[in-house]
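Here is the structure we will look at.
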Amino acid sequence: VLHGLWPQPRNNVYCNVPKRITAKDKHHQWKDLPNINLEPETFELMDVYMPGYLSRLHKHEWIKHGTCYGTDANHYYHDALTLAKEVDDSKIGKLIKKHIGKKITLGQIRQAFDRVYGVGAGKKVEMKCKGRLLTELWINLSGQGDSLSSLIRNAKTRRSKCRQAIVDAKN
C-alpha cells in the first residue's frame with residue numbers, strides 16, 4: 001500500500017501551509033485538517049492502494065508533502081497512486097504477495113526491481129523494517145514524467161540497514 005510521495009529534499013515540507021494547519025498536522029489532528037476536494041476515481045484508487053486514507057492519512061500527506069509537489073491534490077494523488085498501482089501490478093507486487101507470512105530479502109526485492117525497471121533499479125530501493133517485519137519499501141525517484149523506469153533510473157541509490165524481513169500478513 002502507499003504511504004506517500006515525498007518531494008525532496010527532506011526538509012521540503014508544509015509549503016505555503018498556515019502555521020495553525022501545520023500545528024494540527026504535527027499533533028496528529030488529521031480529522032481537523034481541511035478537506036481535500038478529490039475526484040471520485042482518486043478515492044477508488046485509495047480504497048485499494050492507500051487504505052490509510054480511512055484514518056485521514058491522505059490529509060496529512062497532502063498538507064505535509066503534497067503541497068510541495070507543485071500540482072494540485074488530484075494530480076499529486078493521481079501520480080502517487082498510479083505509481084503504487086504499477087509496482088503492485090508488476091512482478092515486484094507478485095513477489096511480495098508470494099512471500100506473505102514468509103521471509104523476503106533485500107536481494108530478492110532488488111533483483112525484481114532490476115528485472116522490471118532495468119539493471120541498477122534495485123539499488124534505488126530501501127527496505128524498512130520494524131523488528132522482524134517488513135514495514136515499507138522506499139523507492140528513490142528523480143525527474144519528471146510518468147515513466148517509473150526513468151524516474152528510478154535518474155534517482156540516487158539508497159542504503160538499506162534491513163536486509164531481510166517477514167512480509168506481514170496484515171498488510
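Along the sequence shown, residues are numbered consecutively beginning with 1. These figures come from a predicted structure and were not determined experimentally.
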I want to check something: taking the side chain as every heavy atom from C-beta on, are [X] and [Y] in contact at a cut-off of under 4.5 Å?
X      : Y      : value
Leu5   : His65  : no
Lys19  : Tyr14  : no
Leu141 : Leu83  : yes
Leu81  : Thr42  : yes
Trp30  : Ile63  : no
Lys123 : Arg158 : no
Met127 : Ile109 : yes
Asp25  : Gln29  : no

Assess whether a salt bridge exists between Asp89 and Lys94, defined as any Lys/Arg side-chain N lying under 4.0 Å from an Asp/Glu carboxylate O.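 The answer is no: the pair does not qualify as a salt bridge.
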
Checklist line | Salt bridge present between Glu61 and Lys59 (N-O < 4.0 angstrom) | finding: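 Answer for the salt bridge query: no.
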
Report task. Go through Lys128 and Glu136 one step at a time and tell me if the salt bridge (Lys or Arg N to Asp or Glu O under 4.0 Å) criterion holds. Result -> CA-CA 5 Å; Lys128 294 284 189 175; Glu136 295 180 274; over 6 Å; no

**Message:** Please say yes or no: joined through hydrophobic side-chain contacts below 4.5 Å, possibly via intermediate residues, are Leu54 and Met50 part of one cluster?
**Reply:**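 Yes, one cluster joins them.
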
Hey, what do you get for [atom1] ([X]) to [atom2] ([Y]), rounding to the nearest 0.5 Å?
X      : Y      : atom1 : atom2 : result
Leu137 : His3   : CG    : NE2   : 13.5 Å
Ser55  : Lys31  : OG    : NZ    : 13.0 Å
Lys103 : Gln108 : NZ    : CD    : 9.5 Å
Arg115 : Ser90  : CZ    : OG    : 10.5 Å
Ile21  : Asn16  : CD1   : CG    : 13.5 Å
Arg20  : Asp32  : CZ    : CG    : 11.0 Å

Of all the heavy-atom pairs spanning [X] and [Y], show the shortest one and how long it is.
X      : Y      : value
Trp62  : Asp72  : CH2-C, 3.6 Å
Val1   : Val48  : CG1-O, 4.4 Å
Thr135 : Cys129 : OG1-N, 3.7 Å
Ala165 : Leu133 : CB-C, 3.8 Å
Glu39  : Asn74  : N-OD1, 2.9 Å
Ala155 : Asn140 : CB-O, 3.2 Å

Open item on the list: Apply side-chain hydrogen bond (donor to acceptor under 3.5 Å, both in side chains) to residues Glu41 and Tyr77 and explain how you reach the verdict.
Closed with: CA-CA 10 Å; Glu41 297 81 20; Tyr77 279 111; over 6 Å; no

Could you list who else is in Trp6's hydrophobic cluster, with ILVMFWY side chains joined at under 4.5 Å, directly or through other members?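 Once heavy-atom contacts under 4.5 Å are chained together, Trp6 belongs with Trp138.
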
Point to revise | Step-by-step side-chain contact (heavy atoms from CB on, under 4.5 Å) determination, Leu134 to Ile166 | key: CA-CA 6 Å; Leu134 173 63; Ile166 295 171; over 6 Å; no

Notebook entry, point to check: side-chain contact (heavy atoms from CB on, under 4.5 Å) between Leu95 and Ile104: does it pass, once the steps are laid out?
Noted result: CA-CA 9 Å; Leu95 173 74; Ile104 194 166; 3.9 Å; yes

Does the side-chain contact (heavy atoms from CB on, under 4.5 Å) test come out yes or no for His99 and Ile96, once each step is laid out? CA-CA 5 Å; His99 283 81; Ile96 292 169; 6.0 Å; no

[X] side chain to [Y] main-chain N or O, any donor-acceptor pair under 3.5 Å?
X      : Y      : value
Asp114 : Ala121 : yes
Thr105 : Gln164 : no
Ser150 : Ser147 : yes
Asp168 : Ile100 : no

- Task: Decide yes or no on side-chain contact (heavy atoms from CB on, under 4.5 Å) for Leu57 and His60, but give the supporting numbers first.
- Result: CA-CA 5 Å; Leu57 173 66; His60 157 73; 3.9 Å; yes

If you draw a 6.0 Å radius around NZ in Lys97, do more than 12 non-hydrogen atoms from other residues or ligands fall strictly inside?
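Above 12, so yes.
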
| request: Could you tell me whether His78 atom NE2 has more than 12 heavy atoms of other residues or ligands within 6.0 Å of it? | output: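 Result for NE2/His78: open.
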
Notebook entry, point to check: In terms of side-chain heavy atoms, does Tyr49 have a donor or acceptor partner in Glu44 at a distance below 3.5 Å?
Noted result: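 No, Glu44 and Tyr49 have no side-chain donor paired with an acceptor closer than 3.5 Å.
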
inquiry  = Can you tell me how the ring of Tyr76 sits relative to the ring of Tyr69, calling it parallel under 30°, perpendicular over 60° and tilted otherwise?
reply    =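 The rings of Tyr76 and Tyr69 stand perpendicular, inter-plane angle above 60°.
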
